[in-house]
Q: 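Below is the structure I would like to discuss, written out as structure tokens.
Not measured: the values here are computed from a predicted model.
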Amino acid sequence: MSDPVFFPRAAAPTLGEIVEWTGARAADGSDLSVVITSVAPLDQGRPGALVFLDNPKYADQLAATRAAACLIGAKYAAGVPAGTVALVTADPYRAFAAVVSKLYPSANRPLALFGGTGVSPAAHVHAEARLENGVTVDPGAVVGPRCQIGAGTHIAANAVVGPDVCIGRDCSIGPGASVLYALIGDRVLVHGGVRIGQDGFGFAMGPRGHQKVPQIGRVIVQNDVEIGANTTIDRGANRDTIIGEGTKIDNLVQIAHNVVVGRHCIIVSQVGISGSTELGDFVALGGQAGVTGHLKIGMGAQIAAQSGVANDVPAGQKWGGSPARPIRETWRARLELDRLVAQSRERAGAGQDNS
């Protein structure tokens, strides 16, 4: 059975080059002419490999690594074994990401699945669509009338780009994704199965049934956004749904109509954000958090996984629990509940002993 290498290595840098790329510091006397031929997890490091240590949970693996070099914080640098060069940096994970991007550039964004360039004869591109030079459209993709697609953008197999949609330069629209009623910026990555611009969930409810409310807004996705597989972003009802610059959205996220997501937010898998809620810049939502509608979550706020947010969250605060509240209050309440449960069990046990 073949062992395909899906991401071929594009470079074999020396440690000296890696120091230049990352700003890391090597100990005096280190051999910076050593060539790096791969990257690996810490516990699988072998000669020629670059590893990193960022999470103290894995510090016990450091002594056994046989890697050529390790990107590491100053706190743990003394534990790097002989034969492995310690490359000390304030942010090992970020430095590791920079190196991997240079070694395996094809992993930075989805590429053409069919291996071709230009518009495939098996694609369906409307005659009124406007594609700049360097656009790739895979077989089975549909590009509607009056679309505008910028240079360097790739539309993968069976993706659908609706009428009048604008997509910027150096974007990637993944296989089976659909982009409707939307304006997409530059360098946006839309992974497979994403749905952008479908109806928001709007109904005027009543005893005689529920009247559909037409959704006539758009979706605006600013530059450098990444949207994970099978995420759904509804278009606005009577205003726009907006995803701010640099925001990263995981797989299987639901963003409802009229939501405004600020710049450089992090939204983890299975989050649901109800209509007309606004997230400030640099907000982080943990996995499976739910946010009700018409709320404001302030700049830099962090919401713990599986939280249920029903109130506005001030800027910079950390909230958790369901219903969500400041995280210290959540833990105090949990500890108090555990204490009461323990007391109840003790009383029940004492009652049995006396019976």
Side-chain angles (χ1 to χ4, degrees), residues 55 57 93 109-110 156 159 172-180 182 184 188-203 215 219-222 224-237 241-313 317-327 330-331 334:
N55 189 333
K57 179 179 179 180
Y93 190 38
R109 54 175 288 198
S172 179
I173 309 300
S178 60
V179 183
L180 311 172
I184 309 294
V188 172
L189 303 184
V190 176
H191 289 272
V194 165
R195 299 287 180 257
I196 295 176
Q198 63 285 335
D199 273 14
F201 192 69
F203 297 89
Q215 308 288 292
V219 176
I220 310 295
V221 180
Q222 296 178 357
D224 300 303
V225 168
E226 184 160 357
I227 303 170
N230 294 321
T231 281
T232 56
I233 303 175
D234 296 343
R235 70 178 183 266
T241 301
I242 300 173
I243 310 298
E245 174 187 3
T247 284
K248 312 302 180 187
I249 302 173
D250 200 356
N251 306 330
L252 297 169
V253 169
Q254 158 64 10
I255 297 176
H257 59 197
N258 300 350
V259 166
V260 176
V261 176
R263 299 177 306 121
H264 304 290
C265 293
I266 294 290
I267 303 176
V268 182
S269 181
Q270 299 185 15
V271 163
I273 305 175
S274 298
S276 300
T277 282
E278 298 181 15
L279 276 61
D281 297 344
F282 293 95
V283 166
L285 302 182
Q288 296 186 331
V291 184
T292 59
H294 306 277
L295 300 183
K296 294 183 184 296
I297 299 182
M299 178 177 177
Q302 298 180 21
I303 307 300
Q306 296 188 325
S307 297
V309 183
N311 296 287
D312 292 346
V313 178
Q317 291 198 7
K318 297 179 180 180
W319 282 32
S322 187
R325 50 187 160 180
I327 198 71
T330 297
W331 285 116
R334 175 62 185 270

Q: Can you give me the closest heavy-atom contact between Val190 and Ala177, atom names plus distance?
A: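 Closest pair (atom of Val190, atom of Ala177, distance): CG1-CB, 4.2 Å.
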Q: Tell me if a side-chain donor or acceptor on Arg195 pairs with a main-chain N or O of Thr232 at a distance below 3.5 Å.
A: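 No, the answer is negative, given that no donor and acceptor are paired below the 3.5 Å cut-off.
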Q: Using side-chain hydrogen bond (donor to acceptor under 3.5 Å, both in side chains) as the criterion, list what pairs up with Gln317, not counting sequence neighbours.
A: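 Gln317: side-chain hydrogen bond (donor to acceptor under 3.5 Å, both in side chains) contacts with Trp319.
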Q: Locate the shortest heavy-atom distance separating Pro175 from Ala156; write the atom from each residue and the value.
A: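 Nearest heavy atoms, Pro175 then Ala156: N-CB, 3.3 Å.
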Q: Please name the pair of heavy atoms, one in Ala159 and one in Gly174, separated by the smallest distance, quoted to 0.1 Å.
A: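 Scanning both residues, the minimum pair turns out to be CB-O, 3.6 Å.
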Q: Strictly distance-based, threshold 3.5 Å: is any side-chain N or O of Thr292 a donor or acceptor partner for the main-chain N or O of Asn311?
A: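 It does not hold such a pair.
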Q: Applying side-chain contact (heavy atoms from CB on, under 4.5 Å) between Leu285 and each of Val261, Ile273, Ile266, Val309, report the one that passes.
A: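 Going through Val261, Ile273, Ile266, Val309 one by one, the side-chain contact (heavy atoms from CB on, under 4.5 Å) with Leu285 is satisfied by Ile273 alone.
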Q: Given Val219, which partner from the list Ile255, Ile196, Val259 fulfils the side-chain contact (heavy atoms from CB on, under 4.5 Å) test?
A: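 Of the listed residues Ile255, Ile196, Val259, the side-chain contact (heavy atoms from CB on, under 4.5 Å) partner of Val219 is Ile196.
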Q: Does NZ in Lys248 sit with more than 12 non-hydrogen atoms of other residues, nucleotides or ligands closer than 6.0 Å?
A: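 Buried by this count: over 12 neighbours within 6.0 Å.
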Q: What pairs with Ser274 under side-chain hydrogen bond (donor to acceptor under 3.5 Å, both in side chains), at least two apart in sequence or on another chain?
A: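 Result, side-chain hydrogen bond (donor to acceptor under 3.5 Å, both in side chains) vs Ser274: none returned.
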Q: Going from CG on Asn251 to OG on Ser269, what distance comes out if it is rounded to the nearest 0.5 angstrom?
A: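 Separation between the atoms: 6.0 Å.
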Q: Judged by atom type as modelled, is there a donor-acceptor pair below 3.5 Å linking the side chain of Thr277 to the main-chain atoms of His294?
A: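 Side chain of Thr277 to backbone of His294: a pair is present.
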Q: Identify the two heavy atoms, one from Gly320 and one from Ser307, that lie closest to each other, and give their separation to 0.1 Å.
A: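 Heavy atoms only, the tightest pair is CA-OG, 3.2 Å.
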Q: Would you say His264 and Glu245 are linked by a side-chain donor-acceptor pair, where the criterion is simply a distance under 3.5 Å?
A: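 The answer is no; no qualifying pair exists.
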Q: Closest approach of Val291 and Leu295, non-hydrogen atoms and distance?
A: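 Closest approach of Val291 to Leu295, heavy atoms only: CG1-CD1, 4.0 Å.
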Q: Between His191 and Pro110, is there a side-chain heavy-atom distance shorter than 4.5 Å?
A: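 Pro110 vs His191: side chains touch.
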Q: For the CD1 atom of Ile267 and the CD1 atom of Ile227, what is their distance to the nearest 0.5 Å?
A: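 Atom-to-atom, Ile267:CD1 and Ile227:CD1 are 9.5 Å apart.
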Q: Measuring from Phe282:CZ to Gln302:CD, what's the distance to the nearest 0.5 Å?
A: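 Phe282 CZ to Gln302 CD: 12.0 Å, rounded to 0.5 Å.
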Q: Working to the nearest 0.5 Å, report the span between NE2 of His257 and CG of Asp199.
A: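 Result: 10.5 Å between the selected atoms.
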Q: If we ignore hydrogens and angles and just use 3.5 Å, is the side chain of Thr241 paired with the main-chain N or O of Asn258 as donor and acceptor?
A: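 Side chain of Thr241 to backbone of Asn258: a pair is present.
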Q: Does any non-hydrogen side-chain atom of Val188 lie less than 4.5 Å from one of Asp224?
A: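 SC-SC contact between Asp224 and Val188 ruled out.
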Q: Quick one: CD1 on Ile184 to CD1 on Ile243, what's the gap to the nearest 0.5 Å?
A: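 It comes to 9.5 Å.
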Q: Excluding sequence neighbours, so at least two apart, what forms salt bridge (Lys or Arg N to Asp or Glu O under 4.0 Å) with Asp250?
A: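 Asp250 satisfies salt bridge (Lys or Arg N to Asp or Glu O under 4.0 Å) with no residue once adjacent residues are dropped.
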Q: We want to know whether Asp234 and Gln198 form a side-chain donor-acceptor pair, criterion being a heavy-atom distance below 3.5 angstrom.
A: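 Their side chains do contain a donor-acceptor pair, which is all the 3.5 Å distance test asks for.
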Q: Look up atom CE in Met299 and atom SG in Cys265, then write down how far apart they are to the nearest 0.5 Å.
A: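 With rounding to 0.5 Å, CE (Met299) is 9.5 Å from SG (Cys265).
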Q: Between the side chain of Ser172 and the main-chain N/O of Arg109, is any donor-acceptor distance below 3.5 Å?
A: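 Not confirmed, Ser172 side chain does not pair with Arg109 backbone.
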Q: Test: salt bridge (charged side-chain N to carboxylate O under 4.0 Å, His left out). Region: residues 277-304. Which pairs qualify, not counting sequence neighbours?
A: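 Only Arg263-Asp281, Glu278-Lys296 qualify under salt bridge (charged side-chain N to carboxylate O under 4.0 Å, His left out).
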Q: Who pairs with Tyr93 by side-chain contact (heavy atoms from CB on, under 4.5 Å), at least two apart in sequence or on another chain?
A: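 Residues passing side-chain contact (heavy atoms from CB on, under 4.5 Å) with Tyr93: Phe52, Asp54, Asp91.
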Q: Once side-chain hydrogen bond (donor to acceptor under 3.5 Å, both in side chains) is applied, do any residues pair with Gln270, and if so which ones, sequence neighbours excluded?
A: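 By the side-chain hydrogen bond (donor to acceptor under 3.5 Å, both in side chains) rule, Gln270 matches Gln288.
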